[in-house]
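As the structure is a computational prediction, the values presented were derived from the model and not from experiment. For the single chain, residues carry numbers from 1 onward in sequence order.
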Amino acid sequence: MRKTPVTIRPFERQDVGAVLVLMRALAVFEGYDDRFRVTEADIVEHGLGPSPRFGVFVAEAEGAVVGIAVHYLIPWTYDLKPVVVLKELYVAEPARGMAVGHALVERLRKYASGIGASTIKWTVLRSNTPAKAFYRALGGRPDEIWEMWHLDIAE
């Protein structure tokens with residue numbers, strides 16, 4: 001593991017281009033880049049507007065954004081506590097091995113704890129064995145009760 005200092009912080013307007021690059025890289029990795037429609041304007045409008053729909057923690061190393069943790073909130077569920085959803089976690093290839101992913105998840109965990117959330121939820125591609133090992137090492141585990149379902153809405 002390399003020892004380059006990494007700073008984790010909420011994203012700001014000047015990070016939007018780098019966030020979009022990493023979001024797109026994740027879309028390529030996960031195989032939906034042909035349907036990826038997010039623009040910088042979307043990130044600004046929905047992430048930095050007066051009522052943000054999502055947040056992003058960015059990992060910065062040597063002056064560059066090298067990782068992102070995109071998250072949003074489910075305000076409350078059966079226990080009246082919020083749930084934080086980790087929508088996207090991605091670390092740029094050159095920054096892997098620097099514990100950037102660990103630092104991003106730890107920052108998200110502190111955020112979730114600070115708002116009184118009961119849990120952090122996320123999905124993982126069935127085939128992404130390294131990610132599953134990473135999440136297990138952090139204390140995460142697959143949900144043994146619930147499975148992911150979806151209903152496509154035609155445009």
In terms of hydrophobic clustering (I, L, V, M, F, W, Y; side-chain heavy atoms under 4.5 Å; direct or indirect links), are [X] and [Y] co-clustered?
{"X": "Val19", "Y": "Tyr32", "result": "yes"}
{"X": "Leu73", "Y": "Leu104", "result": "yes"}
{"X": "Ile68", "Y": "Leu20", "result": "yes"}
{"X": "Val56", "Y": "Val38", "result": "yes"}
{"X": "Phe57", "Y": "Met98", "result": "yes"}

query = Does Arg126 offer a backbone N or O that forms a donor-acceptor pair with the side chain of Lys132 under 3.5 Å?
reply =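 Checked: pair present.
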
inquiry  = Tell me whether Asn128 contacts the main-chain N or O of Leu125 through its side chain, where contact means a donor paired with an acceptor under 3.5 Å.
reply    =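 Checking the backbone N and O of Leu125 against the side chain of Asn128, no donor-acceptor pair under 3.5 Å is found.
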
message = Would you say CD of Glu62 has more than 12 non-hydrogen atoms from neighbouring residues, nucleotides or ligands within 6.0 angstrom?
response =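 Incorrect, the count does not exceed 12.
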
ask   = More than 12 foreign heavy atoms under 6.0 Å from CZ of Phe29: is that the case here?
value =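 Counting neighbours around CZ of Phe29, 12 or fewer heavy atoms of other residues, nucleotides or ligands fall under 6.0 Å, so no.
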
Looking only at heavy atoms, which two atoms of [X] and [Y] are closest? And how far apart?
{"X": "Val65", "Y": "Ala18", "value": "CB-CB, 3.7 Å"}
{"X": "Ala61", "Y": "Thr4", "value": "CB-CG2, 4.1 Å"}
{"X": "Leu22", "Y": "Tyr90", "value": "O-CD2, 3.7 Å"}
{"X": "Ser118", "Y": "Val83", "value": "OG-CG2, 4.0 Å"}
{"X": "Ala59", "Y": "Val6", "value": "CB-CG1, 3.9 Å"}
{"X": "Phe36", "Y": "Ala27", "value": "CD1-CB, 3.7 Å"}

Nearest 0.5 Å please: distance from the [atom1] atom of [X] over to the [atom2] atom of [Y].
{"X": "His102", "Y": "Leu89", "atom1": "NE2", "atom2": "CG", "answer": "11.5 Å"}
{"X": "Glu88", "Y": "Thr123", "atom1": "CD", "atom2": "OG1", "answer": "9.5 Å"}
{"X": "Glu40", "Y": "Asp15", "atom1": "CD", "atom2": "CG", "answer": "11.0 Å"}
{"X": "Ile74", "Y": "Tyr72", "atom1": "CD1", "atom2": "OH", "answer": "5.5 Å"}
{"X": "Asp143", "Y": "Thr119", "atom1": "CG", "atom2": "OG1", "answer": "8.5 Å"}

key: Stepwise side-chain contact (heavy atoms from CB on, under 4.5 Å) test for Leu48 and Ile43   = CA-CA 7 Å; Leu48 296 170; Ile43 295 171; 5.6 Å; no

message = Ring centres under 6.0 Å, that's the criterion: do Phe54 and His46 meet it?
response =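 No - the distance between ring centres of Phe54 and His46 does not fall below the 6.0 Å cut-off.
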
ask   = What orientation do Trp122 and Tyr135 show, parallel under 30°, tilted 30 to 60°, or perpendicular over 60°?
value =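 Rings of Trp122 and Tyr135: tilted, 30 to 60°.
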
inquiry  = For Asp42, is there an ion pair with Arg37 - N to carboxylate O distance below 4.0 angstrom?
reply    =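 Looking at Arg37 and Asp42, the cut-off is not met.
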
task = Start with the C-alpha gap between His71 and Tyr111, add the side-chain angles, then the distance that decides, and say whether ring pair (Phe, Tyr, Trp, His ring centres under 6.0 Å) holds.
result = CA-CA 11 Å; His71 58 89; Tyr111 165 73; 5.1 Å; yes

